[in-house]
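Computed from a prediction, not measured in an experiment: that's the story for all the values here. Just so it is clear, the values below take in all heavy atoms, side chains as well, and ignore hydrogens, waters and symmetry mates. Lettering of chains follows the sequences in order, A, B, ..., and the numbering in each one begins at 1.
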2 protein chains.
Amino acid sequence: MSQDSGGVQPRPRKERTENAARRRGQLIEAALRSIIENGLPGTTLATVAREAGLSQGVAVFYFQTKEGLLAAALERHYERYEENWRQALDAAGDDPAERLAALVRADFHPSVCSREAQIVWHAFWGEASSRPLFNRIADRFDTHRSDALEAAAAALLAELGRDTSEARALGAGIEGLTDGLWLQIYLASGITRPAEALAVTFRFLRALFPERPAVFGAPGD
Amino acid sequence: MSQDSGGVQPRPRKERTENAARRRGQLIEAALRSIIENGLPGTTLATVAREAGLSQGVAVFYFQTKEGLLAAALERHYERYEENWRQALDAAGDDPAERLAALVRADFHPSVCSREAQIVWHAFWGEASSRPLFNRIADRFDTHRSDALEAAAAALLAELGRDTSEARALGAGIEGLTDGLWLQIYLASGITRPAEALAVTFRFLRALFPERPAVFGAPGD
DNA sequence: TTATTTTGTTTGAGCGCTCATGCAAACTAC
DNA sequence: GTAGTTTGCATGAGCGCTCAAACAAAATAA
């Protein structure tokens, strides 16, 4: 099963490619686990390789540099986060208030709000200022999220017949609020439980949108 | 004029102590500058010594370990932050709403909200999970701040005849909001200017305390 | 005062170690 | 066989930290 007439059939080893994807995934997950256990500066190619049960050389083989591997890990972390809120948004229906509530609720879902996940976020953010590559990745994904928040806020304001020019500021504020509560959870100071943080956020949303108190009512989780 | 019979005249070298304090300060400032320039993992005893114009050995002489030096730098950063909001609070008078506004306004004062200052915050926070010493320092100072915020919120709620049991949640939320906006300024995503961030925060405060719109009005800076 | 000792400070070379990366060889699936 | 993997040791750079020695200031003695 190979000579298919003249053309150079570029069917390059399907299995090998799958293997590569699997290895890359294995290494990325190992990197995330190592960051959680050892912190980002404490994460070395050796700790990642050990965690993955592979040799150190294979990490270099698939990601040329350590920074490349870490960048891939950051992207994976953002992808999971984004997938989470996009699903919540899809499931939320058409009511703008429900969509806004869904976006906020998604931020405190255990899968993205666990202590482990927080460690990863702050580890990368802490180095973002001295690593342009990390900063660029963060910026790209953060834009997706704030666009979604702003759109939901704008739709809600329009529905209520209020000034939609406030949408950007409100979106940024809501985003800031959730991020800041994440920080409190991470540092274990003040608010420490996701459910509590969600309740606080909803309390703020009720104040901002007093026309729709029910939607931002007691957290139904 | 000297023989006081038995007693050992304890006149202990005043100049030397001053010298030590000056050196320590010099090294701490150098460490902060190095963190801003090179990031925390990129900060070594060598970069700090170079920045201070001193030898590497002298850094070890005054702080026994690198971690000790970095911890001192984090404390200095928090002290400056705390001094800033305490002064603002003292200057704010007795009106609870004014006191709350002062606390928030202080957070976006250039001296604590510059990009350089943000880099330092997030550098330390990023490593707090793997460095118990950093975490303890952060926790201690964060408690001071949230106590002050909670107290201001409680006083305002009492004045308005509202339920004061909400004070803790509101304080945590306000703190979260400012911290989250700091993150946006730091990552240069969304809100990027302190004045803008302050306006957003005040917009939220007006929603939370509609009885006192004027106090949380357009930022007067 | 001047000389000497004591005490505190500063230096920079260097030790032991870990790191990211390079690389030659071994292995494996076609 | 051959091309794609995988290994794990070699390499050289850089790390925190040690330390003997040099230096400076203060205390003491003359």
Side-chain angles (χ1 to χ4, degrees), chain A residues 1-4 8-27 30-31 34-35 37-73 127 130-131 133, chain B residues 1-4 7-27 30-31 34-35 37-73 127 130-131 133-134:
Chain A
M1 62 213 1
S2 64
Q3 64 280 53
D4 248 55
V8 187
Q9 209 85 7
R11 185 161 314 241
R13 276 128 295 192
K14 211 178 161 205
E15 284 204 355
R16 316 269 252 200
T17 313
E18 274 170 12
N19 178 47
R22 178 163 40 87
R23 281 272 182 268
R24 260 182 257 266
Q26 226 177 322
L27 287 161
S34 170
I35 291 167
E37 278 170 39
N38 314 305
L40 212 158
T43 290
T44 68
L45 287 180
T47 66
V48 175
R50 197 182 318 128
E51 198 85 41
L54 296 169
S55 79
Q56 200 168 323
V58 78
V60 180
F61 182 78
Y62 286 109
F63 303 90
Q64 283 65 39
T65 64
K66 182 195 182 186
E67 183 158 43
L69 168 57
L70 292 177
E127 295 207 19
S130 51
R131 304 237 213 178
L133 182 53
Chain B
M1 72 261 297
S2 67
Q3 65 285 39
D4 246 59
V8 185
Q9 208 88 1
R11 183 153 323 229
R13 275 130 300 189
K14 211 180 161 205
E15 286 203 355
R16 315 271 253 202
T17 312
E18 274 169 15
N19 178 50
R22 179 163 39 86
R23 281 274 182 266
R24 259 182 258 268
Q26 226 178 319
L27 287 161
S34 169
I35 290 167
E37 278 171 39
N38 316 104
L40 212 160
T43 289
T44 69
L45 289 178
T47 67
V48 174
R50 197 180 319 130
E51 198 85 41
L54 296 169
S55 77
Q56 200 167 323
V58 79
V60 181
F61 181 78
Y62 285 109
F63 304 89
Q64 283 63 39
T65 64
K66 182 196 180 185
E67 184 158 40
L69 168 57
L70 292 177
E127 295 207 18
S130 51
R131 304 237 213 178
L133 182 54
F134 293 176

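- Using a 4.5 Å heavy-atom threshold, the side chains of V58(B) and Q26(B) count as separate.
- Residue L27(A) contributes atom CG, which lies 14 Å from atom P of dT5(D) at whole-angstrom precision.
- For the side-chain contact (heavy atoms from CB on, under 4.5 Å) test, residues two or more places apart in sequence or in another chain that qualify with A52(B) are L27(B), A30(B), L54(B).
- Just one of T44(B), T47(B), L45(B) meets the side chain to side chain contact (heavy atoms under 4.5 Å, CB included) condition when paired with S34(B); it is T47(B).
- Contact check for L70(A) versus I35(A): side-chain heavy atoms found under the 4.5 Å cut-off.
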Report summary line: Heavy-atom contacts, protein to nucleotides 10-24 of chain C, under 4.0 Å, summarised as B (base), S (sugar-phosphate only) or - (none) per nt, yield BBB------SBB---

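- Under the 4.5 Å side-chain criterion, counting only non-hydrogen atoms from C-beta, Q56(B) is not in contact with V60(B).
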